[in-house]
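Beneath this line is the structure, given in structure tokens, with notes to follow.
Scope of the values below: all heavy atoms of this structure, side chains included, with no hydrogens, waters or symmetry mates.
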Protein chains: 2
Amino acid sequence: MNKNKKTVSAVKILQNRYVKDQPERKASIQKERINAQVAQLIYNLRQEAGLSQKQLAEKIGTTQSVISRLEDSDYEGHSLSMLERITSVLNKRVIINAVDMNSNAFPVQRV
Amino acid sequence: MNKNKKTVSAVKILQNRYVKDQPERKASIQKERINAQVAQLIYNLRQEAGLSQKQLAEKIGTTQSVISRLEDSDYEGHSLSMLERITSVLNKRVIINAVDMNSNAFPVQRV
DNA sequence: ACTTATTATCGCAATTTTGCTATACTTGTG
DNA sequence: CACAAGTATAGCAAAATTGCGATAATAAGT
């Protein structure tokens with residue numbers, strides 16, 4: 001009969017863990033989100049330019065596997081310098097904003 | 001009488017150098033621009049939050065000298081992860097766009 | 001089915017960014 | 001001047017990102 005108890009404990013543990021890690025968790029979620037966004041942005045830019053990963057790689061002076069890694073939505077290592085390099089060869093430029101958390105501004109877009 | 005010749009050569013050399021380095025140069029200029037923009041953005045965010053460098057540093061789990069470095073317009077090491085960390089503790093989120101080089105979209109702004 | 005092109009994944013070295021301490025500089029205030 | 005708060009700079013170790021080759025997986029075309 002400790003099945004219920006166990007279940008409750010488990011929930012509690014999860015709750016505590018969630019509440020306790022709020023700040024870090026928030027940062028983490030945001031990180032995941034922006035990672036996926038940047039990956040998608042790079043993919044979109046490349047597609048619009050009609051380039052293969054290899055072609056884009058050569059344009060920015062790196063290799064295909066690097067581009068593939070950048071377009072992986074789970075990749076955590078996105079950087080501004082890489083974005084610069086990519087937009088630069090595509091005759092674009094990077095724009096960076098910081099908006100309120102609850103703003104409905106579209107996350108990643110191209111003008 | 002080879003003064004003219006020399007001069008012409010010099011101009012040619014400069015031209016060649018300029019043309020030759022176009023892509024890298026363009027990337028370089030863009031890099032400088034975005035570096036200064038991000039530095040300014042971080043400074044603005046901190047000021048609006050009414051925080052000292054030390055206070056912001058503690059919020060994101062680093063030291064004052066790091067924030068100072070980030071706000072230096074000549075600093076070349078800006079990263080998305082640092083921007084995330086900063087916006088996260090200020091209840092904001094980062095938005096990244098890529099626009100046409102000649103677009104008049106405002107480079108860095110906050111909504 | 002067989003190439004060919006394209007993309008994904010792995011592993012490790014090289015480079016870049018960050019952490020951190022110490023210290024100097026600046027500004028304002030008593 | 002002395003003191004305190006805030007900011008800037010330097011140097012080096014630690015951590016994260018990138019370079020890059022090899023190879024697997026997937027897709028596309030013949």
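Scanning residues 57-69 of chain B for heavy-atom distances under 4.0 Å to DNA chain C yields B/Thr62, B/Thr63, B/Ser65, B/Val66, B/Arg69.
Partners of B/Glu84 by side-chain hydrogen bond (donor to acceptor under 3.5 Å, both in side chains), not counting sequence neighbours: none found. Scanning for salt bridge (charged side-chain N to carboxylate O under 4.0 Å, His left out) contacts around A/Arg69 gives an empty result, with sequence neighbours left out.
Across the protein-nucleic acid pair, A/Leu70 atom CG and D/dT18 atom P stand 7 Å apart, rounded to whole Å. Summarising the geometry, the separation between CG on B/Leu83 and P on C/dT17 is reported as 13 Å, rounded to the nearest angstrom. In this structure, B/Lys54 atom NZ and D/dA4 atom P are separated by 13 Å, rounded to whole Å. Whole-Å rounding puts the A/Leu80 CG to D/dT18 P distance at 10 Å. Distance, A/Leu56 CG to C/dT6 C1': 14 Å, rounded to whole Å. Going from atom CD of A/Glu76 over to atom C1' of C/dT17 covers 16 Å, rounded to whole Å. In this structure, CG of A/Asp72 is placed 14 Å from P of D/dT17, rounded to the nearest angstrom. In this structure, B/Leu51 atom CG and D/dA5 atom C1' are separated by 15 Å, rounded to whole Å.
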Write down the protein N/O and nucleotide N/O pairs, taken from nucleotides 25-30 of chain C, whose separation is under 3.5 Å; answer none if there are no such pairs.
none

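Residue B/Tyr43 is classed as having no contact, given no heavy-atom separation below 4.0 Å to the nucleic acid.
Side-chain nitrogen and oxygen atoms of A/Arg85 include at least one within less than 4.0 Å of the OP1 or OP2 phosphate oxygen of D/dG19. Contact annotation: A/Tyr75 does not reach the phosphate of D/dA16 (side-chain N/O to OP1 or OP2, under 4.0 Å).
Expressed to the nearest 0.5 Å, how far CD of B/Gln64 lies from OG of B/Ser52 amounts to 8.0 Å. Here the CD-CG distance, from A/Gln37 to B/Asn97, works out to 10.0 Å after rounding to the nearest 0.5 Å.
The side chain to side chain contact (heavy atoms under 4.5 Å, CB included) with B/Gln53 is formed by just one residue from the set B/Thr63, B/Leu70, B/Ile67; it is B/Ile67.
Nearest nucleotide to the side chain of A/Met82, out of D/dT9, D/dG19, C/dT18: D/dG19.
Within the helix from C/dA1-D/dT30 to C/dG30-D/dC1, the inter-axis angle between the opening and closing five-pair segments is 40°, rounded to 10°.
For the residue pair B/Glu48/B/Asn44, the side-chain donor-acceptor check at 3.5 Å is not satisfied.
Sorted pairs that involve residues 25-53 of chain B and meet ring-ring contact (aromatic ring centres under 6.0 Å, His included), not counting sequence neighbours, are lacking altogether.
Of the residues near DNA chain D, A/Ser81 and B/Gln47, the one whose nearest nucleotide (by heavy atom distance) lies more toward the 5' end is B/Gln47.
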